[in-house]
Every structure is written in C-alpha cells, then in structure tokens.
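What's counted below: heavy atoms across the whole structure, side chains too, no hydrogens, waters or symmetry copies. Fair warning: this is a prediction, and the values are worked out from it, not measured in the lab.
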Amino acid sequence: MAANKNAPPTTLDKEQIMGMAEKEMEYRVELFNKLTHTCFNKCVEKRYKEAELNMGENSCIDRCVSKYWQVTNLIGQLLGSGRPPM
C-alpha cells in the first residue's frame, strides 16, 4: 500500500533527514576549507609584509574562488547527469 504523502514523517524519516543534513553540512565545510586552503596558498605571499591583503592578492583570490566554484559546479553537473567527462 502506498504511503500517504500528507502523513507526518516518522522517527526513522526524521533521523534520515537529519543524517542527510549533517552529511551535506560536512561536505560544505570540507569544500570551504579546501577552497580557502587552495586559494590562500596560491595567492598570498608566505612572508607577510602587510596586515591587509594587497590589491594583487585580492584579485588573485577573487579569480581563484570563482574558478573553484565553476569547476565544482561543472563536476557536480557531470556527476548528476551520468555523462562521461569531456
């Protein structure tokens, strides 16, 4: 018999939803940490000369973050569609 779609979620459903939400949060935190680490290492000089990022470092970080998101979205789309990479 088909389950009623208007019925309140069971305890098991709630646990599954919470588990999925936790996994999603872990994924997003890991993605953010990788992005931060990658772009920082690429764009910021190892020897700090100033307390603030200079214009070149800011531009580099902007480009790095933009490319990182573009690639992440492209990979997500390819994995979601089941198509082989180009």
Member of Val71, Thr72, Asn73 meeting the side chain to side chain contact (heavy atoms under 4.5 Å, CB included) criterion with Ile75: Val71
Answer yes or no: are there more than 12 heavy-atom neighbours, outside Glu24 itself, under 6.0 Å from its atom CD? yes
Kindly check if the number of other-residue, nucleotide or ligand heavy atoms within 6.0 Å of NZ (Lys49) is above 12? no
It should be assessed whether the SG atoms of Cys60 and Cys43 lie less than 2.5 angstrom apart.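 A disulfide is present here, as the SG pair of Cys60 and Cys43 is separated by less than 2.5 Å.
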Supply the members, apart from Val65, of the Ile/Leu/Val/Met/Phe/Trp/Tyr cluster built from side-chain contacts under 4.5 Å; use none for a lone residue.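 Val65 clusters with Tyr27, Leu31, Leu35, Phe40, Val44, Tyr48, Leu53, Ile61, Tyr68, Trp69.
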Using a 3.5 Å distance criterion without hydrogens, assess whether the side chain of Ser59 forms a donor-acceptor pair with backbone atoms of Gly56.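 No, Ser59 side chain to Gly56 backbone: no donor-acceptor pair under 3.5 Å.
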Whether Lys34 side chain and Val29 backbone form a donor-acceptor pair below 3.5 Å: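 No: the side chain of Lys34 does not pair with the backbone of Val29.
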Atom CE of Met25 and atom CD of Glu30: how far apart are they, to the nearest 0.5 Å? 13.5 Å
Provide the closest heavy-atom pair for Glu45 versus Glu57 in the form atom of the first, atom of the second, distance. N-OE2, 3.4 Å
Side-chain donor-acceptor contact under 3.5 Å, Asn33 with His37: no
